[in-house]
Every structure is written in C-alpha cells, then in structure tokens.
Amino acid sequence: MRETLPTRFEPSQFEGKWYAAWEASGAFTPELPSSKPPFVILIPPPNVTGKLHIGHALQFTLQDIMIRFKRMDGFNALWLPGTDHAGIATQVMVERELAKEGLSRHALGREKFLERMWAWKNQYATNISSQAKALGASCDWTRERFTLDPMLSRAVIHAFVRLYGEGLIYRAHRLINWCPRCLTALSDLEVVHKDINGGLWDFAYPVEGGGEIVVSTTRPETMLGDTAVAVHPEDPRYRNLIGRFIRHPFVDRRIPIIADAELVDPSFGTGAVKVTPAHDPNDFATAERHNLPKVNILNPDGTINEAGGRFAGMDRFAARKAVLEALAELGLRRGEKAHRHAVGHCQRCDTILEPYLSDQWFVRTKPLAEVALEAVRKGEVRLHPEFWVATYENWLTNILDWCISRQLWWGHRIPAYYCPEGHITVAEQAPAACETCGAAVEQDPDVLDTWFSSALWPLSTLGWPEETEDLKAFYPTQLLITGFDILFFWVARMIMMGYHFRGKPPFLQVHLTGLVRDAQGQKMSKTKGNVMDPLDLVRTYGADAVRFTLAALASPGRDLPLDVRRMEGYRAFATKLWNAARFVQMHLAGDEAELESLHLQNLSLPERWLLSELTEATAAVREALEGFRFDEACRILYQFVWNDFCDWYVELAKPVLTGVSAARSPQVVRSTARGVLLEALKLLHPIMPFITEEIASHLGFSGMLITAPYPKVREAWRFPEERALFRSVQGVVQAVRSYRHLVGLPPTAPLSVVLENPPAGVAQAFAELRDEVVRLAALSKLATEGAVPAGAVRDAVGELRFAIVLPEGAFGAKEREKLAKELSATQEELARLRARLADASFVTRAPEEVVAQSRARERELAHRAELLGETLGGGA
RNA sequence: AGGCGCGUAGCUCAGAUGGUUAGAGCGCUACCUUGACACGGUAGAGGUCAGCGGUUCAAGUCCGCUCGCGCCUACCA
C-alpha cells in the first residue's frame, strides 16, 4: 500500500530525497552511444568568486526546465555543469582577503599565492554545485568541469598556439586600457563607461618667437606627455603657427605645432588640440601619422614617472591639481568650465582606467567576427529574442582587436617564451631553448583573459582538441541560455572560436534572459542591500515555488521584477496541487484504470471535457517550451490545475465519489482524476520537479517522472462538442451563483432553475449532470424542461435560455437597477454590432468567419436583451 | 552621437501573422470556517491600451511624429 500524502505540504521533507534518487538513478548522465537525438546545454560557468545569486537561479531554472523537458521527450539529454576561474574577479577577492591579513600576493610569491587561489576555488565550486542541487538542477555531475582543469587548459593553450601560428594572435606595443589598481591590461569590453562631472580646462602654450596657442583638456596632467599641438590645416586662426614650436613649460622638450584634419574639429573649443600620444588613442593615431614621439608619463600604479619632471612620484590626480597650479603660477591658465563626460572605469574594482602604452597580446578579430556574423545572419545560430541580432551585428561589425593578456597570476599562463635577444617562441610545451637563436628562454609571466578560455568552453569541456566521444556526440550543442549582458563577452566569442576550430557553431539556439530585479524594479546589489539569496528563498518557499516564480516571470526580452508576494502566490499553487492530490488519493479504491486504457465511449461529459482541456494544455505547453515561453507554460499549467482540475473536475467528482450521484461511474471518475492529475504532474515536472515527483510516487506511479515520457497531444482526447456543452453547464452554474449574490441570498439558499426549450444535447448534458449542477449551484431543483414559473428571472448563456426562480420579494429595486444597467450595456453592444453588420464594406470585405461570428454574437445579444427586458418589464 | 527595448486595471506583467464583450497573478470589496485545500471557496469592482496623426471595413496590435522611462554601443579634446 502506498503511503498517504502528509496533510501539510512541506517541501524540505522530500526535496533532498528526490535529488539523491535522481542522481543515483543515473538519469542526469546521457547514454553514450545513443540512438536518441542529443539535446545538450552547456552551463554558463559561474565565477568561483562566491555564492550564486538570484540571476544564476533564474538561468539554472530555465536550463533545467529545458533539459528535463527534452529528457522526458525522448532526447539524449546532457546538461554539462562547471565553473569559471574568472581571472581578475577571483584574484581581486582573494587579494582582498590577503589584505585583511596584512599580506599581498607579491609578499606571498606566485606559487604560494596560487595555492591560496586554489583553496578558494575548491571551497566556492563546492558551494556552487550544492546550490545548484538545491534548486534541482539535473546536471551531469560526472562531467563537471573547471576552466583551469588540465583538460580544459590544454585546449586553451592549444588554441592559443594555433591562432598564433595562423597569425590571428600577435604581440604588439599599443595603447590598452590599464587599471592602476589591478595593475593589468583590460579589454575594451571590461571598461565600464560612467558619466562623470569633470572639468574642461584651458591653458596656453607659449609659442617660440612670440604668441601663444590655447588648448583645452579634461586631463591637465597629461600635458606632461604632450609631444605636439595640432590645429586644422584650413583654420585661418592658426595657419601661420603651423610648423612653429613650443617650449614645454615643465619638461625639457620642444614640441611642434602640426596640422591634422583628422584629429581636429576647428569648431570645438579653441580649435587647437594638445597631443599626448602615450595616453590617448586619438593622439596615438595622430602620432603614428606624424611620427611624433610617444612619451609615457605614468608608472603602472598611476603615479607620474620620471618623464614628468618635478611632478614625478605624484599620484595622477594630485598631479592634475599640481599641474593646474603650476600653470596658474606661470600665468598660463586661461579658463575652466564644468564638463560632464564619460570616463572608463575598471569593471572589477571601479578604479578610473588609463590608456596606457605597453606590450600586450591581441587577437585579430576581424576574420573571426565575419564568420560569426554570417552564422547569425544565415540563421545557423539563432538568437532569442530576435531583436538581439541587431545588437550582435552592430558589435561584430565594428569590432576591434581583442587584448587578451592580463598581468595577473590566476589564469592560463601565456605559452610564449622569450630569450634575452627578445625572440619569441610560442609552443604548447615549454621549449628547451629559443627556436630562433637557441638561447635560454623564460615564459611570459602573464595570463590570458578569462574570456579567452570561456570562448573555448563548448570545445574544451567536450575534450577538444582530442576527437573524444563527447565531442563527436555532443558538438554542436542545441541550446545556450544566458544573460544578455554577456552577449559580447561570451556568446559572440564562442561562436567565433567554434566556427574557427570546428567549422560548426557551438550551439544552434541562444536564449538570452533578462535581469532579475527587486520588487521595485531596482537592480539588485550588495550596496543597496536588496539582494535575495536563492537558498533562503528555497528554504522559505520551496525550490519548486522559486523555480515556478522565476519561470513565470521570464517573459522574453524583459527584466524580472521579483516580488516575494508573487512567490507566495506560487507557493500557494504548490499547496493547491498538493491538496488536490490528497483529495484524489483519499478516494482511490484500487480499481483505477490507466488513463490510456479507459474506453473513451464510456466517458461522461466532464471526463471528455477534462481530457479536452488537458489536450489543449499539453499542446500549448509544448509549444510554449519550444519557443522559450516559460511564462506561458506556467500560466497554462496554473490555469489547468487550478481552474479546470480543482475548481471544476474535483467539484464534479465529489457527488459521484460520495455516492450522492449515481449517474456516473465512480471507477471512471477515480481513474480520470488520477490519470489526468498524473499527466498534469508530468507536464509540470520540468518546472516543479520535486513536488510532482513526490505526489506521483504517492499516487502509485511506477518509476520516476524524471524519465517518464513527456505527455503528447492525443487527438482522440479532443472532444470539441462536449467541450462546448460543458461550457454551457459552467455558464448556467455561474449565472445562478451570480444572481444569488445579486439578490443577496446566502450561498446555500436553495433556488430552482428551469431551462427553456434547450437543444436536445444540452438537455441531456444537464440531465446527466443534474446532481452535480444542483450541488455546484446550490439548487433545490433543476428542470431541463417545463414551463417558466411566473415571476422568474430570465437570462441566457450563449444560445441557452433559462429561468431562475427567486424567493418572493428578493428581486427589488436595487437589483432591477443593476439588471437594467446590464441590459443597456447589452443593447449598446448590440447596436454597435448591428451598425457594423449593416455596413456593406464590412460584410463584403471582412473574412466570412468574422462576419459569421458577428452574426452569431448578434443573435446571442438580441436573445439576452429580450430575456432581460422581459424580466424587468414583467415586474418580477 | 548612434542603436535597441519599454510605456495596457492600484502593483507586476500576458496580449503570434490587425477581427467577438482587452486577460492573468497579486492587491481591493462582499459573502462563506461546505470532509482536498482559509497558502481556501463564490461573486464582484477596477482599464480614454502614454499622446497626436495616418493606413484599413476593422488598430492595444501596422506606419509616422511627440512625450516619458530604461539599456547597450561610442577615442569629441
């Protein structure tokens, strides 16, 4: 005998049990080889920087829904989990921890520091996987990966060496984004532009031989590195100054006044531009055109170096003030105004970045980007929602080379080796000697951008460059679900690398999720204190309610305002489901047939109706999931379970199961209730895996839902006629209840209803469900034929007219007024409809169905208007 | 400066290819402790679909403009 469902729904009582059972069953691990088609999702590897946040919970939920859906639906499903070492992000965390102990990474040394990093990683990777498990994520933990694993590292190094060999990776002395706090280069994407209230200062350079030229700058300290002043060649104000020189007031340098049409917009400011090639990208380009020297004035930590003369040693911002003061002393300050402009900040530590001249490694992105662009344009990779395509194209079209070297220790060390002569040897294995001159070599101390290894994730996790079974079976993957914020950082780069190394896309579809926000729509952040911990939510509401909420909020292309009241609502839904199951279970008698084996001919109206609704729901849920409409899937299931199954079917089942009604077979009702509930549980399982599994086991379901076939649409279960008939029953029941409220009668006060000349099918339906309808509408009598008693209220639902006998005097002035309002609304609509039908252009141009629909509606309204009129006019 | 998204009930959001009375959840009101469930039941109230103009027999839905809000990309000193 199966166990009785506990009275109280207590998710924590069974969540752990089911997760363990699923994992132990091997359901998370795909077959290999397999005759089933593959369905593979690679997890966007969370950073091992700390705990998972609610955004991860969202993505895990959506990925798990798809994986469970496809697994049940006959696919060889693989959801491959893993974590990302997250170079700078993690190193910043650990350095912060070290700082608390009064240590620094340099004090520790590279080796000891990396030991600390690994300890950190081990702790957080474990945290992350246990959080994923708490949410029910059905990942294949036997394939869990980490970006610094030997297998993955090998792929990263291999890719680097190959790209270098192909000329797609190169080393260059360039301006890059430099973080003076992290002491590393950053890619353009890692720069966060923020509008700052700064200043725009004017100062004069005295020109040799007399006169001066006034320039404007937002960063006065950079004038220490000026190697020219540029004007527009056509500008009459300065034409005579071109070719003359300036004696720099603070450093020992003569700088020329040059003409450059590209750099200078004569209408901006004074029309003269100071040129600082080592600290401004535009100026750098200008210097290339004019062969100007590039004077670096900064140390890596942002202090002024010896090139800054007497300002050397000052921090860049202190130097800014000092330079301005010094200019004032010389009488060279000219003007200053407030100036709001975008300034680049470090994504990880928020420090203001400097354009900085240094030797770095770059990826030549153009050829890779072209292929990636084409892939999306041709639809080989499809982005959802589709409007992201425009953003994607825009970025890839204007892409610049990607700086991939980082002056960090936590990451994949660049496989480049230098000899004292400066020759470069790039190799997967450390070479014994320089391949050019045979001298001893030393490896580049730098590591690769974390995103370089992330870009290879679809390849490296499956064992590439080896031709592994996994690679052959699971590449390309079917779906990627991730946040839109890493479309460029990650998605685009995976597409580039996937095509380059494998000739195929890494995934066929990408679903980009929105951002989880708080109830007020604010971005969640630690500083605002509005972050929600997914594990807390799981403890409070249960994993299923958390999942359902996130899925229900996940409308495509929108952010998700997460309100705990909403989650309370969905916990209530879980409770409702639980209680419905308790009802079904307590009436089980052991004679239940499987749903499929019920003889359809023997089914009564409510069973046929319910199967119809189930079938509609099945079709709609499947379609919703295929199109990543998680919100739709939730809505459909919520309505089916609550409105159709609980509110109607269970209520209709009660008279039968308690012996009040003998019109229907209790055995059929039991079988249908159990069977349909099980189907609903299967439909819900991808979204709410724990509670569905728990209930199914209590209903005597053999096996586990996780591997049960996902319900398919069965045409035999569609009964359109019965569906319509049942709706008229619902309509009458609801009308009676409504009238009862209208006249203020208690819900149990008995009324009687007479159907007026119902069509044969309808009369039969009501006759069959007499006991149920009497109960649902609290009737004393339901007549399917007979004369309308005097004084009865008359109304219609669709084509069906009926009369309700109310107690003497119940239908007073207030009620008449209410009904009169109803009547006039009906008449108004009728008038509008008739006007439309009288319009020849509507009748001739609108499609036939639309016209037919309007005619039918017209009949109904006319009908109802007449009956309501009679009720009011008849002095009832 | 370009590009994208959004503006529908008190709140948060759904509303393919234009077509009946614009939906849901929460909240609100009234009544109901009925043997699955008060995390419940029943019935309600609540919307000039941001504004203006256009296309159409018909527009929340298509087009243009305006006004708000948000985001992304960008080397204007």
Side-chain angles (χ1 to χ4, degrees), chain A residues 5 7 9 175 188 193 200 215-219 222 230 263-265 268-276 280-285 339 341-342 344 355 385 387-388 390-391 394-395 398 484-485 487-488 515 519-521 545 552-553 555 557-563 565-566 568-587 627 629 631-632 634-635 638-639 646-647 650-651 654 658 734 737-742 744-748 775 778 825-826 828-829 832-833 836 839-847 849-851 853-854 856-858 860-861:
Chain A
L5 275 165
T7 316
F9 161 56
L175 270 189
D188 295 336
H193 295 276
L200 184 63
V215 294
S216 306
T217 181
T218 54
R219 295 183 295 158
T222 61
L263 180 70
V264 184
D265 170 4
F268 185 93
T270 61
V273 185
K274 61 188 274 309
V275 182
T276 322
D280 182 281
N282 282 323
D283 296 0
F284 182 88
H339 184 63
H341 61 130
F387 63 72
W388 285 112
T391 309
N394 189 43
W395 186 70
N398 300 309
F484 65 84
D485 51 327
L487 178 60
F488 306 145
L515 218 66
Q520 281 70 45
L553 289 173
S555 299
R558 281 190 97 115
D559 286 344
L560 297 78
L562 182 58
D563 190 333
R565 286 176 307 176
R566 187 101 185 226
E568 284 165 11
Y570 292 128
R571 180 181 53 186
F573 174 63
T575 308
K576 185 78 179 176
L577 184 66
W578 184 266
N579 286 311
R582 285 180 55 226
F583 172 84
V584 171
Q585 194 199 30
M586 76 178 52
H587 287 99
R629 289 305 304 264
D631 56 333
E632 282 280 298
C634 288
R635 215 200 70 231
Y638 186 99
Q639 284 182 357
C646 294
D647 291 348
V650 165
E651 293 307 319
K654 284 176 182 173
T658 55
Q734 282 168 335
R737 287 166 173 169
S738 181
Y739 273 101
R740 189 193 312 276
H741 274 276
L742 176 66
L745 288 173
T748 48
R775 182 178 169 281
T826 308
E828 267 174 46
E829 199 199 330
R832 278 200 305 273
L833 203 59
R836 191 190 302 171
D839 184 349
S841 56
F842 171 70
V843 179
T844 54
R845 294 199 190 193
E849 325 164 3
V850 174
V851 177
Q853 261 175 13
S854 300
R857 179 71 183 155
E858 185 207 4
E860 278 180 29
L861 288 172

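Just the heavy atoms: all of them, side chains too, but no hydrogens, waters or symmetry mates, feed the values below. Here the structure is a predicted model, which means the values were calculated and not measured.
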Interatomic distance where [atom1] belongs to [X] and [atom2] belongs to [N] [whole Å]:
{"X": "His339(A)", "N": "A77(B)", "atom1": "NE2", "atom2": "P", "value": "4 Å"}
{"X": "Asp631(A)", "N": "G15(B)", "atom1": "CG", "atom2": "C1'", "value": "11 Å"}
{"X": "Asp647(A)", "N": "U34(B)", "atom1": "CG", "atom2": "P", "value": "18 Å"}
{"X": "Leu487(A)", "N": "G3(B)", "atom1": "CG", "atom2": "P", "value": "19 Å"}
{"X": "Phe484(A)", "N": "C6(B)", "atom1": "CZ", "atom2": "C1'", "value": "13 Å"}
{"X": "Arg571(A)", "N": "C37(B)", "atom1": "CZ", "atom2": "P", "value": "18 Å"}
{"X": "Met586(A)", "N": "G35(B)", "atom1": "CE", "atom2": "P", "value": "11 Å"}
{"X": "His741(A)", "N": "G41(B)", "atom1": "NE2", "atom2": "C1'", "value": "10 Å"}

Looking at [options], which one has an atom nearest to any side-chain atom of [X]?
{"X": "Asn579(A)", "options": "A77(B), G19(B), A36(B)", "answer": "A36(B)"}
{"X": "Ala572(A)", "options": "C76(B), G40(B), U12(B)", "answer": "G40(B)"}
{"X": "Thr391(A)", "options": "C72(B), G19(B), C39(B)", "answer": "C72(B)"}
{"X": "Phe842(A)", "options": "G19(B), A36(B), A77(B)", "answer": "G19(B)"}

Donor-acceptor pair, side chain of [X] and main chain of [Y], under 3.5 angstrom:
{"X": "Glu829(A)", "Y": "Leu861(A)", "value": "no"}
{"X": "Asn579(A)", "Y": "Thr575(A)", "value": "yes"}
{"X": "Asp563(A)", "Y": "Ala519(A)", "value": "no"}
{"X": "Thr844(A)", "Y": "Ala840(A)", "value": "yes"}

On RNA chain B, nearest-nucleotide positions of Phe488(A) versus Arg629(A): which is more 5'?
->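 Looking at the nearest nucleotide for each, Arg629(A) comes out on the 5' side.
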
With RNA chain B as reference, determine whether Leu742(A) or Val843(A) sits nearer its 5' end, using the nearest nucleotide of each.
->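 The residue closer to the strand's 5' end, by nearest nucleotide, is Leu742(A).
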
Inter-nucleotide [atom1] distance ([N], [M]), Å rounded:
{"N": "G2(B)", "M": "U66(B)", "atom1": "P", "value": "13 Å"}
{"N": "G41(B)", "M": "C72(B)", "atom1": "C1'", "value": "49 Å"}
{"N": "C32(B)", "M": "G68(B)", "atom1": "C1'", "value": "46 Å"}

So does Arg565(A) pair up with Glu568(A), basic N to acidic O under 4.0 Å?
->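 Answer for the salt bridge query: no.
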
With the threshold set at 4.0 Å, does a side-chain nitrogen-carboxylate oxygen contact exist between Glu651(A) and Lys654(A)?
->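 Result for this pair is yes, salt bridge flagged.
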
Verify the contact: side-chain N or O of [X] to OP1 or OP2 of [N], cut-off strictly under 4.0 Å; return yes or no.
{"X": "Ser841(A)", "N": "A58(B)", "answer": "no"}
{"X": "Lys576(A)", "N": "A38(B)", "answer": "no"}
{"X": "His587(A)", "N": "G35(B)", "answer": "no"}
{"X": "Lys654(A)", "N": "A36(B)", "answer": "yes"}

Should [N] form a Watson-Crick or G-U wobble pair with both distances under 3.5 Å, which nucleotide is its partner?
{"N": "G60(B)", "result": "none"}
{"N": "G25(B)", "result": "C11(B)"}
{"N": "C6(B)", "result": "G68(B)"}
{"N": "G40(B)", "result": "C32(B)"}
{"N": "G46(B)", "result": "none"}
{"N": "A74(B)", "result": "none"}
{"N": "U20(B)", "result": "none"}

Have a look at [X] and say if it touches a base, only the backbone sugar-phosphate, or nothing, with a 4.0 Å heavy-atom cut-off.
{"X": "Ser738(A)", "value": "sugar-phosphate"}
{"X": "Val650(A)", "value": "base"}
{"X": "Pro847(A)", "value": "base"}
{"X": "Asp280(A)", "value": "nothing"}

Which letter, B, S or -, goes with each nucleotide of nucleotides 21-27 of chain B from 5' to 3', with contact meaning a protein heavy atom under 4.0 Å?
-> B--SS--

